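Here's the structure, in structure tokens; my notes come after.
Note that the coordinates shown come from a computational prediction; the quantities given were computed from them, not determined experimentally.
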Amino acid sequence: MAEIAVVGGGMVGIASAIALRERGLDVVLCDPGEARARTSYGNAGVISRGSILPMASPALWSKLPAYLRNADRALRLDYRHLPRIAPYLAHFLANARESRWRDSASALIPLTSAAYPAHERLAAKTGTSHRLVRNGWIKAYRTEEAFRGAALEREILREHGVAFDILDGHTLREHEPALVRPYARAMLLPETGSVREPGRLVEACEALYARMGGQRVRASVNRLFPDGDGWSVVLDDGTFRAKRVVLAAGAATGALTKPLGYRFAVAAERGYHRHFALRPESPPLTRPILDTGAASILAPMGESGIRVLSGVELSARQAPPDFSQIAAASREAAGTLALGGPLDNEPWLGSRPATPDGMPVIGWAPKHDGLIFAFGHGHIGLSTGPITGEIVADLATGRPPSVPINPFSADRLLQWPRLA
């Protein structure tokens, strides 16, 4: 019987497996091993202390009619799967108020503040420090009205000591001469770091885990259940037992927790990306840019060119892809940068594991002994994956977590009214 099984090989799962091995535990990592299928592979790579404001913002209400019509690029609702996503949407809307936004920011700031140092520690072990860059990231606004509409965000960032500089359109071009689109204003968060080609970082973590003697099962986990003094982990082609389990399966977590009696209103926030070359005459893009007018991110990825990332699609996790959002984002990007041709044959699609309040679930499962939850990180899974892994190792070895995790308890989700 293994001491502990980690289910899920994305950034959270692999970081947890490494941290547990460092504490001397016998670890089995369960993951199908499909690199492109992991959400960490397709991330923008941003590691920001300022990632403390969930999508359920009070500004959502003014945009709701456009969202419901699929007339805003930031969100696409797949109405064919509405019964499946309705519980999440109901709780999501219930959280879209200023008091909840402020509470979430207060809960998340210790976690996001610890994110970059944890990435530095992990990169030093994996030999990937060259993939970490800390020169900030930019939120760009096409109009003064859009900039004024983000005043509450800036107020909350300021209250939590998150540094930012306000740039006018001319100063923005001085910072990023690759931009050809005019912008009215921008916010530069200088403390923010980023990972160039996050998939390569996860691959390096896998290699480190193997060198540390960690065991690996390349298979999907279909079921978990308590079994005597431990847990049975049911795979596609067999079963093994472990004394404890870390559940870090991302958007697939809901299917594994439901038979255990946990009905979490967790959604698969699907997102797309595509890579493009810059034309030879263009200066390089040096940091990620969030174009708020296009609801898309442009992120430099080194040898992989410019990664263009779409807004959110709410649909069933296994639904066929709909490339309309990434097609629109790519058209907008062509007006923002001097893009050349695409560098990949078709867009990438991944699913972010999202909770309605925008905060992860980290901690011991309330109904079962020996089960640690580490999922629901949404848009900050890559960013906070290494520090979450360290927290998981603290829990498994009986140490106080290095970051307060009470706000991330599963109990908060179980206390909400059951809608499905």
Side-chain angles (χ1 to χ4, degrees), residues 39 42 44 53-98 100-101 104 139-153 181 183-185 251 265-274 289-298 308-336 346-358 378-379 416-417 419-420:
T39 306
L53 297 169
M55 284 185 59
S57 80
L60 178 145
W61 295 102
S62 64
K63 300 178 180 180
L64 189 59
Y67 287 156
L68 294 175
R69 300 194 314 271
N70 282 332
D72 191 303
R73 297 185 184 98
L75 177 66
R76 179 184 172 274
L77 293 171
D78 187 343
Y79 283 99
R80 296 170 300 174
H81 301 282
L82 185 59
R84 184 169 296 185
I85 61 179
Y88 170 82
L89 286 173
H91 290 310
F92 180 85
L93 291 172
N95 278 278
R97 59 187 193 272
E98 183 177 334
R100 291 296 302 131
W101 223 36
S104 295
K139 295 186 177 183
Y141 302 89
R142 297 186 181 186
T143 66
E144 289 287 347
E145 181 183 8
F147 175 75
R148 289 193 296 272
L152 179 60
E153 174 183 352
R181 182 187 299 278
Y183 289 93
R185 294 287 190 105
V266 176
E269 286 188 359
R270 306 203 320 172
Y272 299 79
H273 81 224
R274 198 158 196 198
I289 307 286
L290 169 58
D291 182 343
T292 60
S296 63
I297 296 176
L298 311 174
V308 178
L309 300 103
S310 73
V312 168
E313 178 188 61
L314 285 179
S315 182
R317 186 168 61 94
Q318 301 296 348
D322 181 319
F323 296 131
S324 57
Q325 278 181 301
I326 190 60
S330 299
R331 289 193 298 271
E332 292 288 337
T336 302
E346 65 177 28
W348 172 88
L349 166 62
S351 298
R352 307 177 190 95
T355 61
D357 61 4
H379 294 254
W416 293 348
L419 301 180

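With rounding to the nearest 0.5 angstrom, the CG atom of L75 is 9.5 Å from the CD atom of E313. The CG atom of L77 sits 9.5 Å away from the OG atom of S315 when rounded to the nearest 0.5 Å. The NZ atom of K63 sits 6.5 Å away from atom CG of D72, with the distance rounded to the nearest 0.5 Å.
Between N95 and P54 there is no side-chain heavy-atom pair separated by less than 4.5 Å. At least one side-chain heavy atom of R270 sits under 4.5 Å from a side-chain heavy atom of S351. By the 4.5 Å heavy-atom criterion applied to side chains, Y183 and T336 are counted as neighbours. Two residues are said to be in side-chain contact when any heavy atoms from C-beta on lie closer than 4.5 Å; D78 and I85 fail this criterion. The shortest side-chain heavy-atom distance between L314 and E269 falls under the 4.5 Å cut-off. Taking 4.5 Å as the limit, every side-chain heavy atom of Y272 sits out of range of all side-chain heavy atoms of V308.
In plain terms, the two heavy atoms of A59 and S62 that are nearest each other are O-OG, 3.0 Å. Here the closest non-hydrogen pair linking L309 and G42 is CD2-O, 3.2 Å. Across every non-hydrogen atom of Y88 and A265, the tightest pair is CD1-O, 3.5 Å. Scanning both residues, S310 and R352, for their nearest heavy atoms gives O-NH2, 4.3 Å. Residues P65 and W61 share a closest heavy-atom pair of CD-O, 3.8 Å. Scanning both residues, A140 and I289, for their nearest heavy atoms gives CB-CG2, 4.3 Å.
Remark: the backbone N or O of V266 is not paired with any side-chain donor or acceptor of T355 at under 3.5 angstrom. The backbone N or O of V312 lies less than 3.5 Å from a partner atom in the side chain of Q325, making a donor-acceptor pair. Formation of a donor-acceptor pair under 3.5 Å by the W101 side chain with backbone atoms of A96 is not found in this model.
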### Task
Evaluate the criterion side-chain contact (heavy atoms from CB on, under 4.5 Å) for residue pair E332 and R181; output intermediate values, then yes/no.
CA-CA 10 Å; E332 292 288 337; R181 182 187 299 278; 3.3 Å; yes
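Ring-plane geometry between W348 and H273 is classed as parallel, the angle between the planes falling under 30 degrees on a 0 to 90 degree scale with a further cut at 60.
Residue D291 forms a salt bridge (Lys or Arg N to Asp or Glu O under 4.0 Å) with just one option from R142, R331, R73, and that option is R142.
Within a 6.0 Å radius of CD in E144, other residues, nucleotides and ligands contribute more than 12 heavy atoms.
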